[in-house]
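Counting begins at 1 with the first residue of the sequence.
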Amino acid sequence: MDSDDWFTTYIRVNLIWDDSKYREMMDLVKSIMIMYKSNYLIPKILIYFFSFDVDIIINICRNNLFFNVRSNNISDHSKYKELVEKRIIELEELKYDFFYGKSDLSLEKTL
């Protein structure tokens, strides 16, 4: 998480969604969640992620300026916007499941 490659840092600095970095972050988060899903104790890093990082990502992406950034990496802005909005919904749902529980944490179905 302290790395410049961490998705939250990347998106905050570059203002561009990199889905491969997002998926890498989510794979890591989900693997930790699966590892600890039967425990009563949760790693602080997960609590921090769902308490702060998710909100940071969502707030950056919901800012009107986020989609006004022009980049050569974005070929189709409408598809780009759809992808980001889809990912925001995934983050919101996963955050909800983390804090309020879910009888079956089927983490493999997301992404």
Side-chain angles (χ1 to χ4, degrees):
M1 278 185 67
D2 294 333
S3 166
D4 288 344
D5 284 344
W6 185 243
F7 183 72
T8 306
T9 305
Y10 178 85
I11 197 168
R12 189 173 40 100
V13 171
N14 297 303
L15 288 176
I16 298 212
W17 189 275
D18 183 334
D19 209 48
S20 63
K21 288 190 183 300
Y22 169 80
R23 283 183 273 131
E24 182 182 321
M25 174 189 72
M26 293 308 294
D27 288 345
L28 178 62
V29 168
K30 289 177 182 185
S31 69
I32 295 169
M33 288 177 72
I34 289 170
M35 193 181 326
Y36 286 90
K37 79 178 188 177
S38 299
N39 295 352
Y40 289 107
L41 300 175
I42 300 168
K44 288 192 293 188
I45 195 151
L46 270 184
I47 295 169
Y48 181 85
F49 175 77
F50 285 108
S51 297
F52 298 104
D53 280 357
V54 169
D55 290 335
I56 289 169
I57 294 167
I58 291 171
N59 289 333
I60 289 171
C61 294
R62 288 215 168 126
N63 187 311
N64 291 332
L65 296 175
F66 182 76
F67 290 109
N68 289 335
V69 172
R70 299 288 177 210
S71 170
N72 293 336
N73 297 338
I74 304 170
S75 57
D76 185 347
H77 277 278
S78 62
K79 287 183 181 178
Y80 174 75
K81 189 172 182 176
E82 282 178 31
L83 172 68
V84 172
E85 289 171 350
K86 176 185 166 192
R87 297 301 193 204
I88 288 172
I89 291 169
E90 288 174 1
L91 284 169
E92 289 173 330
E93 289 174 352
L94 193 60
K95 179 180 176 178
Y96 182 88
D97 292 345
F98 177 78
F99 282 118
Y100 301 107
K102 194 174 189 180
S103 59
D104 174 29
L105 254 184
S106 53
L107 299 171
E108 295 81 19
K109 74 173 185 152
T110 45
L111 290 182

Could you please spell out the steps behind the side chain to side chain contact (heavy atoms under 4.5 Å, CB included) verdict for M25 and Y10?
-> CA-CA 11 Å; M25 174 189 72; Y10 178 85; over 6 Å; no

Using a strict cut-off of less than 4.0 Å between a Lys/Arg side-chain nitrogen and an Asp/Glu carboxylate oxygen, indicate whether D19 and R23 qualify as a salt bridge.
->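 Between R23 and D19 there is a salt bridge, with a charged N closer than 4.0 Å to a carboxylate O.
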
Derivation and outcome, side chain to side chain contact (heavy atoms under 4.5 Å, CB included), residues F66 and I11 | CA-CA 10 Å; F66 182 76; I11 197 168; 3.9 Å; yes

Should I42 and Y100 be regarded as members of a common hydrophobic cluster, given that ILVMFWY residues are connected when their side-chain heavy atoms come within less than 4.5 Å of each other, either directly or indirectly?
-> yes

ILVMFWY network linking I89 to V29, side-chain heavy atoms under 4.5 angstrom = no

Does any non-hydrogen side-chain atom of E85 lie less than 4.5 Å from one of K81?
-> yes

Partners of Y36 by ring pair (Phe, Tyr, Trp, His ring centres under 6.0 Å), sequence neighbours excluded?
-> none

Looking at every heavy atom in both [X] and [Y], which two are closest together, and how far apart are they?
| X | Y | answer |
| --- | --- | --- |
| D18 | F7 | O-CE1, 3.5 Å |
| L15 | Y80 | O-OH, 4.4 Å |
| K30 | L94 | CE-CD2, 4.0 Å |
| S51 | F99 | OG-CZ, 3.6 Å |
| L91 | F49 | CD2-CZ, 4.5 Å |

Interatomic distance, [X] atom [atom1] to [Y] atom [atom2] [nearest 0.5 angstrom]:
| X | Y | atom1 | atom2 | result |
| --- | --- | --- | --- | --- |
| L83 | I88 | CG | CD1 | 10.0 Å |
| K37 | N39 | NZ | CG | 11.5 Å |
| N59 | R12 | CG | CZ | 13.0 Å |
| D53 | T8 | CG | OG1 | 3.5 Å |

Test applied, side-chain contact (heavy atoms from CB on, under 4.5 Å); reference residue, I57; option that passes from F52, Y22, W17 |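 Of F52, Y22, W17, side-chain contact (heavy atoms from CB on, under 4.5 Å) with I57 is met by W17 alone.
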
From CA spacing to verdict: salt bridge (charged side-chain N to carboxylate O under 4.0 Å, His left out), R87, E90 | CA-CA 5 Å; R87 297 301 193 204; E90 288 174 1; 3.0 Å; yes

Going through the distances and angles, do F67 and H77 end up as a side chain to side chain contact (heavy atoms under 4.5 Å, CB included)?
-> CA-CA 8 Å; F67 290 109; H77 277 278; over 6 Å; no

Do any N or O atoms from the side chain of N14 and from the backbone of I16 form a donor-acceptor pair under 3.5 angstrom?
->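 No; judged by distance alone, with no hydrogens or angles, the pair does not exist.
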
